Visitor: 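Structure below; questions to follow.
Small disclaimer: the values here were computed from a predicted structure and weren't measured. In listed order, ligands and their atoms are each counted from 1.
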Amino acid sequence: MSDVRVRFAPSPTGYLHIGGLRTALYNYLFAKNKGGKYILRIEDTDRSRYVEGAIENLIDALEWAGVKHDEGIIVENGELTQTGEYGPYIQSERLHIYKEYVDELIEKGHAYYCFCSKERIDEVREKQKAKGLAPKYDGYCRSIDKEEAKKRVEAGEEYTIRLKLPVNRDIKFHDAVRGNVTINTKDIDDQVLIKGDGFPTYHLAVIVDDHLMGITHIVRGEEWLPSTPKHVFMYEAFGWEAPEYVHLPTVLNKERKKLSKRQGDVAVGDFKKKGYLPEALVNYLALVGWSPESNKEIFSMDELIDEFSFERVSSTGGVFDKDKLNWVNGQYIRKADLDRITKLAIPYLKEANLITDKDINNRYDSIKTMVSTVQENLSFMAEIPEKVDFYFNDEVKLENEKAEEMIKGEQVPSLFKAFREELNEIDEIDKEFAKGIFKKIQKKTKVKGKNLYMPLRALLTGQLHGPEMADIVLVLGKQNILDRIEYVENNIL
Ligand code: GLU
């Protein structure tokens, strides 16, 4: 087999959907596994769906996810540019090429000019629907003589160009996920290849580009499966060798419906904003539709590259389970370097008005310790303000009746007294104080174990379980703890 070349070919219609990222990822993993090349091509021939800035957005999301292409459109110094020998990699810059190839199809009798108005086509469709038939172009212009058609075009008549599919022929191809597929041409439309506005449709552009760019495997979403016979026929019509096909199962929600924007986050950017780690998202997405041989779940990109194969991609849809993603992301957050997590946490803390720019400069270490106390309990970074909120409250909000019961224990006033005495002896809490304070209170009061720790934890956090107490003491600081004691004495005891 010639060297593997695959492509991800999004249309710049807005944002990168999570399903699109998975398609890109599978292309990338396959290419890297085979030592091949992975290309990013922009399919922007549908001008009505073009969104300004969408290309930059796509590239940004792919880069964030670490799915790096070898050829195609890139951003360099803030400008869109291209790299590779098969360019241009953006279809709107290739219009002259498509023109040449569609002319070849017309000459060979595999495409024809169609002069039907939109009104006529709509009428035909309505009639078919009324008869309970699937709407389809009726072939009205198929038999117009080529020379006559050209004259009409020259005379300025409006036209499209359609593919001339053979009548009632089985078109067969092999798909790596689906196996052998056969579709009869009677179930397929004579596809428009050149639209009224002179632009090619996706179907023409994709064939020409994949061929000229030497693409060996077409890895894309299964929504393109019904279009594939048209493409296979076009390869044949041109006399080209068709690539291998790999149609990936759709990414579904838990109800096994297509993952759509109405149900929440679907854009890669949404996950970035919520503070998912890119390597966790990629790890999880790889498992949506593909299963490794072992039941291992945590994979680095290199491990994914090693193990990935299309044989283990299922044909029945991959379910995107947010809870599972949160679990995977939590695993990555726990393992991540504390400085990295702290830096990721800071924007959320600032946004929630819990810290200021001054704090970031003056109290970075304390913020870091605070983050460390909740690192174990985060599913994604946007959760951090609510997890650390208790550090910023002067009031002690008890989580439940059990906490209230603990803090009202008869030994508690003596604990508070000892705590206050110790605090009054120092200027500010340091590591040593934080580590030793509970032993000191124990010595002074002779209270130990649960009766010592539970009420003090409730005092410091409002909760009965949570991060290491010494760390909490260090983060809260002297005044805050004194205020809390006073608050509990005045309002709870
Ligand atoms: N431009 C198509 C899309 O947006 C690409 C389909 C393909 O990969 O052939 O999904």
Visitor: Tell me every residue that passes ring-ring contact (aromatic ring centres under 6.0 Å, His included) with Tyr15, counting only those two or more places apart in sequence or in another chain.
Guide: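 Partners of Tyr15 under the ring-ring contact (aromatic ring centres under 6.0 Å, His included) test: none.
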
Visitor: Given Tyr28, which partner from the list Thr23, Asn33, Leu40, Val67 fulfils the side-chain contact (heavy atoms from CB on, under 4.5 Å) test?
Guide: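 Of Thr23, Asn33, Leu40, Val67, side-chain contact (heavy atoms from CB on, under 4.5 Å) with Tyr28 is met by Val67 alone.
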
Visitor: Let me check something: any side-chain donor-acceptor pairs from residues 73-85 under 3.5 Å, sequence neighbours excluded? List them with distances.
Guide:
unit_1, atom_1, unit_2, atom_2, d
Gln82, OE1, Tyr89, N, 2.6
Gln82, NE2, Glu93, OE1, 3.1

Visitor: When you measure from the centre of the six-membered ring of Phe320, is the NZ or CZ of Arg22 closer than 6.0 Å and no more than 45° off the axis?
Guide: no

Visitor: Side chains of Asp44 and Ser92: donor-acceptor distance under 3.5 Å anywhere?
Guide: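 Distance-only check passes for Asp44 and Ser92.
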
Visitor: Any pair with a residue in residues 121-174 that passes ring pair (Phe, Tyr, Trp, His ring centres under 6.0 Å), sequence neighbours left out, goes on the list, sorted by first then second residue, please.
Guide: Tyr113-Tyr159, Phe173-Tyr245

Visitor: Can you pull the residues with any heavy atom under 4.0 Å from ligand 1?
Guide: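 The answer is Arg7, Ala9, Ser11, Glu43, Tyr202, Val206, Arg220, Trp224, counting any residue whose heavy atom sits under 4.0 Å from ligand 1.
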
